[in-house]
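One structure below.
For the numbers below, each heavy atom of this structure counts, side chains included, while hydrogens, waters and symmetry mates do not.
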There are 2 protein chains.
Amino acid sequence: MREFLSIASALGDENRLRMLLALRSGELCVCEITEFSGLAPSTVSKHLSILRDAGLIDGRKEGRWVYYRLAGSDASPVVLDAIRWVQNAHAADPRVAQDAERIVEILKDRKKQCPAADDIEASIVSDFETVGGKQR
Amino acid sequence: MREFLSIASALGDENRLRMLLALRSGELCVCEITEFSGLAPSTVSKHLSILRDAGLIDGRKEGRWVYYRLAGSDASPVVLDAIRWVQNAHAADPRVAQDAERIVEILKDRKKQCPAADDIEASIVSDFETVGGKQR
DNA sequence: TCCTTATTTCGCCAAATGACGAAATATACG
DNA sequence: CGTATATTTCGTCATTTGGCGAAATAAGGA
């Protein structure tokens, strides 16, 4: 029940939910999530911490940069079911579609701030437009 | 997104979650939920209101008594998915199993307080032990 | 009609939460 | 080593939330 409650609580905040959905496009750097959300860096850090503690996202550090991604298939069933629920619930949400477009723009400016690799960018944009296609 | 957030928020409180799970045994009267939860009647009422506004439960009034039950199959897909998630996540939770036993005790005292019908009682206990059986 | 009972609404309070800026920590570079 | 940068942690503040008791509302019975 503890796990469930922390997940549900984590999902109950709009900014956190939008960050989580933004990660569908693939791994994002904190600086990108910060730009996307428009919140203060400290606030973003705290939100990401909540998502991470709930098991919904994983982080990895590369130098000064921290990248976060959605929990993988090794996550608990409760987490995987939650992510599935989030995605299904927002399959046709115009706000989320709008957010998705904004992520594309932010990713175009990659390498201006964090050292994301070229192949990661190509992979992310490619995967993302596939998902986007399904939405439209 | 509004709908999703209200559901997730509703599910993020332990007392509300336990009330929701208690309704798996079938329709319950507010007086029974109040007894089960151990909270003040006004608090119970507020929690139930949140669950109802999120679409997770439906209520019906019969004289002085109000009965609540889990949302039915006419509920939105987001709600149905959420209820499925709740149930799957707690399939093997000892605390929830304990709660389930307590509900049985409370239902045995039915008719001491609210005018639930005999056939409803038989149906509820019967359904509930079936569910309980799957848990054990 | 008055009294009782069940539930909801309201008002208050303490705790929790989301937002921000400042400070701390970690990493990279000249 | 000093400076710059990215992120996290801490402290503060305003708002929200969960809990309670009192008041209000609705229904039933004598």
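In terms of modelled atom types and a separation under 3.5 Å, the side chain of A/Ser49 and the main chain of A/Ser45 share no donor-acceptor contact. Of the possible polar contacts, one joining the B/Ser37 side chain to the B/Thr34 backbone as a donor-acceptor pair under 3.5 Å is found.
Geometrically, B/Arg102 does not engage B/Phe36 in a cation-pi contact, judged by NZ or CZ lying under 6.0 Å from the ring centre and within 45° of the ring axis.
The A/Ser42 side chain lies nearest to C/dA22 when the options are C/dA19, C/dA22, C/dT7. Comparing atom distances between the B/Cys29 side chain and each of C/dA19, D/dC20, C/dT7 picks out C/dT7 as nearest. Across C/dT8, D/dG19, C/dA19, the shortest atom-to-atom separation from the side chain of B/Arg52 is found for C/dT8. Nearest nucleotide to the A/Tyr68 side chain, out of D/dT8, C/dA19, D/dT7: D/dT8. Residue A/Arg64 places its side chain closer to C/dT27 than to any other of C/dT27, D/dG28, D/dG18. Closest to the A/Cys31 side chain, of the nucleotides C/dG18, D/dT7, D/dC20, is D/dT7. Closest to the A/Arg16 side chain, of the nucleotides C/dA26, D/dC20, C/dG18, is C/dG18. Minimum atom distance to the side chain of B/Pro41 is reached by C/dT8, of the listed D/dG19, C/dT8, D/dT7. Nearest to the side-chain atoms of B/Val30 among the listed nucleotides C/dA19, C/dT5, C/dT8 stands C/dT8. Each of D/dC20, C/dC20, C/dT8 was ranked by its minimum atom distance to the side chain of B/Val66; first place goes to C/dT8.
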Is there a side-chain contact (heavy atoms from CB on, under 4.5 Å) between B/Tyr68 and B/Leu51 once you walk through the steps? CA-CA 10 Å; B/Tyr68 284 96; B/Leu51 291 171; over 6 Å; no
Criterion side-chain contact (heavy atoms from CB on, under 4.5 Å) on A/Val30 and A/Trp65, from CA distance to verdict: CA-CA 7 Å; A/Val30 171; A/Trp65 289 275; over 6 Å; no
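The shortest side-chain heavy-atom distance between A/Leu39 and A/His47 falls under the 4.5 Å cut-off.
Between the CG atom of B/Leu28 and the C1' atom of C/dT7 there is a distance of 16 Å, rounded to whole Å. In this structure, B/Glu32 places its CD atom 9 Å from P of C/dT7, rounding to the nearest Å. Summarising the geometry, the separation between OH on B/Tyr67 and P on C/dT8 is reported as 13 Å, rounded to the nearest angstrom. Distance, A/Asp13 CG to D/dT15 P: 17 Å, rounded to whole Å. Per the geometry, CD1 belonging to B/Ile57 stands 14 Å off C1' belonging to C/dT7, to the nearest Å. Between A/Asp53 atom CG and D/dT8 atom P the separation is 12 Å, expressed in whole Å. One can place NZ of A/Lys46 at 14 Å from P of D/dT8, the figure rounded to the nearest angstrom. With rounding to whole Å, A/Arg60 atom CZ is found 12 Å from D/dT7 atom P.
Contact check, A/Ser45 against D/dT8: a side-chain N or O comes under 4.0 Å of OP1 or OP2. Considering only side-chain N and O atoms, B/His47 lies nowhere under 4.0 angstrom from the phosphate OP1 or OP2 of D/dT17.
Positionally, the nearest nucleotide of DNA chain C for A/Ser9 lies more toward the 5' end than for the other of A/Gly63 and A/Ser9.
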